[in-house]
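Notes to accompany the following structure.
Chain naming here is simple, since letters A, B, ... match the order of the sequence lines and numbering starts at 1 in each.
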There are 2 protein chains.
Amino acid sequence: MDMSPDKNPGNVSNESLESLFQYFGNIMPLKEIERDELRSMMRERTIRRRQYILQEGDVCKAYTYVVSGCFRMFGVDQKGTENNLQFAPENNWIADIGSFFSEKPSKLFIEAIEPCLVLQIEKKDLLHLYINHHKFDRYFRVIIENKYVELQNRVLQNISSTAEERYTAFIEQYPNLSNRLPSTQIASYLGVTPEFLSKVRKSLSSKR
Amino acid sequence: MDMSPDKNPGNVSNESLESLFQYFGNIMPLKEIERDELRSMMRERTIRRRQYILQEGDVCKAYTYVVSGCFRMFGVDQKGTENNLQFAPENNWIADIGSFFSEKPSKLFIEAIEPCLVLQIEKKDLLHLYINHHKFDRYFRVIIENKYVELQNRVLQNISSTAEERYTAFIEQYPNLSNRLPSTQIASYLGVTPEFLSKVRKSLSSKR
DNA sequence: CGCTAGTCTTAAACTTGTTTAAGGGTACTT
DNA sequence: AAGTACCCTTAAACAAGTTTAAGACTAGCG
């Protein structure tokens with residue numbers, strides 16, 4: 001177990017905590033004691049561009065809340081191609097949920113696309129929260145329910161839409177990201193080659 | 001609120017209940033009181049082939065456990081094409097989770113592909129279970145976590161694999177269903193036309 | 001400064017999957 | 001026994017997306 005210098009509790013910046021409290025506050029208001037619990041459990045880390053917080057073969061040990069920056073989660077297929085499964089910009093949670101709960105090695109990578117500031121919580125602490133503050137059960141169920149619905153819509157899109165339709169849907173869903181991310185990353189998310197995405201963009205711009 | 005004849009509790013068959021108890025028992029053992037609670041909350045229904053248990057525009061009011069038979073869940077796109085999102089054969093839960101929790105109208109249909117026997121639980125009863133028997137919180141979180149992982153793998157496959165690879169993966173995952181279901185349904189699940197699936201099958205069989 | 005690595009675009013040849021149309025098979029109706 | 005509905009396959013023309021290759025345009029780096 002690694003002992004980074006910012007592991008000891010109490011070192012979490014107020015800015016990061018405020019971001020997290022506001023996130024939860026949008027679901028339901030937090031009591032003072034719940035804020036204190038979160039403060040003592042969350043560990044703050046800065047992550048450099050290109051740095052991994054999860055690599056294939058490792059067990060996903062933490063849920064990560066993104067305060068600023070952006071991550072991508074991807075898998076690598078037989079041919080060695082990277083396929084982006086999701087992006088996690090600021091105010092989002094990211095984890096390989098399967099690996100986290102089963103404690104089996106992950107088949108996925110999570111990499112910072114931009115320099116990032118995050119808050120992490122480990123499994124034992126999350127379970128502690130579940131048990132001692134029943135509300136967090138609901139919080140995290142809501143989080144995963146929302147992520148489930150998002151994924152489901154994506155599957156539906158993948159099997160029913162052309163690359164062009166998927167791209168315009170991506171732009172609508174992440175107006176931020178479409179400017180911020182390199183097109184190679186977006187192409188990998190959409191399941192097309194960067195070359196074809198370039199074609200799609202051109203044909204879209206000429207349509208207006 | 002509809003009052004079908006089998007709504008009153010106590011009418012649930014032992015065979016169905018045993019199937020449900022066994023399902024939960026695979027996650028963690030059930031206490032007698034928990035069995036009693038389930039017995040009193042689950043409502044048994046027989047569903048005819050082609051019958052819908054959810055239609056677009058309706059709010060998904062119940063979680064459905066499939067005792068026997070098989071359902072499909074699908075969405076209809078702008079062109080009117082049906083796209084199968086998932087199948088639910090015996091010993092599976094099915095619901096539009098997004099609609100169920102948000103109580104907003106669903107964009108999906110759930111239809112019986114075969115004659116089915118199901119047990120259903122309504123939202124208020126599920127919430128009652130959550131509150132009075134904390135264990136069910138965990139049960140249903142595990143159920144949705146597993147479904148999430150399944151979906152995630154599917155997205156990964158959709159963006160990284162050819163139709164042939166997706167078809168062979170489908171056969172591995174549902175060896176039952178590949179014989180049982182009409183190929184039109186499988187094609188709709190894979191996101192290809194029935195004609196192309198026919199080609200794929202032919203090219204696969206000639207490879208051996 | 002010049003070098004390298006990453007990013008974006010274009011184009012031509014190719015592969016994967018769709019569309020349209022047709023024909024044959026089975027099974028349930030009448 | 002014929003009728004209809006559904007299911008599965010084949011084939012040819014077409015559209016969607018990939019591959020390979022090349023050129024231009026950054027941005028970071030020694």
Side-chain angles (χ1 to χ4, degrees), chain A residues 48-51 70 72 74 76-84 87 111-115 155-171 177-207, chain B residues 48-51 70 72 74 76-84 87 111-115 155-171 177-207:
Chain A
R48 306 181 55 194
R49 190 168 123 90
R50 304 259 154 98
Q51 192 178 344
C70 186
R72 69 182 180 120
F74 66 95
V76 177
D77 61 26
Q78 307 83 349
K79 296 173 196 155
T81 311
E82 299 176 358
N83 300 285
N84 284 347
F87 298 114
E111 185 198 34
I113 309 182
E114 304 171 347
V155 173
L156 212 49
Q157 272 229 335
N158 273 325
I159 62 180
S160 73
S161 306
T162 63
E164 183 170 314
E165 290 165 330
R166 265 141 54 210
Y167 179 61
T168 55
F170 170 79
I171 290 178
L177 295 186
S178 68
N179 311 320
R180 224 164 111 183
L181 301 181
S183 72
T184 47
Q185 296 301 338
I186 298 174
S188 164
Y189 177 89
L190 296 176
V192 298
T193 58
E195 291 83 357
F196 192 68
L197 176 55
S198 184
K199 251 192 212 171
V200 167
R201 282 179 158 170
K202 190 182 173 188
S203 104
L204 275 178
S205 70
S206 73
K207 276 184 188 167
Chain B
R48 306 180 58 193
R49 188 167 124 90
R50 305 257 155 101
Q51 192 177 344
C70 185
R72 68 182 181 120
F74 65 94
V76 177
D77 61 26
Q78 308 83 350
K79 295 173 196 155
T81 311
E82 299 176 359
N83 299 286
N84 283 348
F87 297 115
E111 184 199 37
I113 309 182
E114 303 171 347
V155 173
L156 211 49
Q157 272 228 335
N158 274 324
I159 63 180
S160 73
S161 307
T162 62
E164 183 170 314
E165 290 166 329
R166 265 141 53 209
Y167 179 61
T168 55
F170 170 79
I171 290 179
L177 296 187
S178 68
N179 311 319
R180 221 165 114 183
L181 301 181
S183 73
T184 47
Q185 296 302 337
I186 298 175
S188 164
Y189 178 89
L190 296 176
V192 297
T193 57
E195 291 83 358
F196 192 67
L197 177 55
S198 184
K199 254 192 210 172
V200 167
R201 281 178 158 171
K202 190 183 175 188
S203 103
L204 274 178
S205 69
S206 72
K207 277 185 187 167

*Hey, which of these two, S198(B) or A163(A), hits DNA chain D nearer its 5' end, going by closest nucleotide?*
S198(B)
*Please determine if a side-chain N or O atom of T162(B) lies less than 4.0 Å away from the OP1 or OP2 oxygen of dT16(C).*
no
*asked:* What is the separation between atom CD on E195(A) and atom P on dT7(C), rounded to the nearest whole Å?
replied: 13 Å
*asked:* Distance check needed: dG17(D) P versus N158(B) CG, whole Å only.
replied: 14 Å
*asked:* Under the side chain to side chain donor-acceptor pair (under 3.5 Å) test against Q185(A), which residue among E82(A), R72(A), R180(A) passes?
replied: R72(A)
*Given atom NZ of K199(B) and atom C1' of dA13(D), what is their separation to the nearest angstrom?*
11 Å
*Presence of T193(B) side-chain N/O under 4.0 Å of dT18(C) phosphate oxygens OP1/OP2*: yes
*asked:* Nearest whole Å is fine: how far is dG6(C) P from E82(A) CD?
replied: 12 Å
*Spell out, as yes or no, whether a donor-acceptor pair under 3.5 Å connects the side chain of S205(A) to the backbone of K202(A).*
yes
_Output the rounded distance in Å from CG (L190(A)) to C1' (dG17(D))._
13 Å
*In Å and rounded to the nearest 0.5 Å, what is the CD1 to CG distance from I159(B) to D77(A)?*
9.5 Å
*Worked check of side chain to side chain contact (heavy atoms under 4.5 Å, CB included) between Y189(B) and L181(B)*: CA-CA 11 Å; Y189(B) 178 89; L181(B) 301 181; over 6 Å; no
*May I have the distance from K79(B) (atom NZ) to dT19(C) (atom C1'), rounded to whole angstrom?*
11 Å
*Output the single nucleotide from dT16(C), dA21(C), dG17(D) whose closest atom is nearest the side chain of F196(B).*
dT16(C)
*Distance in angstrom units between L197(A) CG and dA16(D) P, rounded*: 16 Å
*Whole angstrom is fine here: how far is it from CZ in R49(A) over to P in dA5(C)?*
15 Å
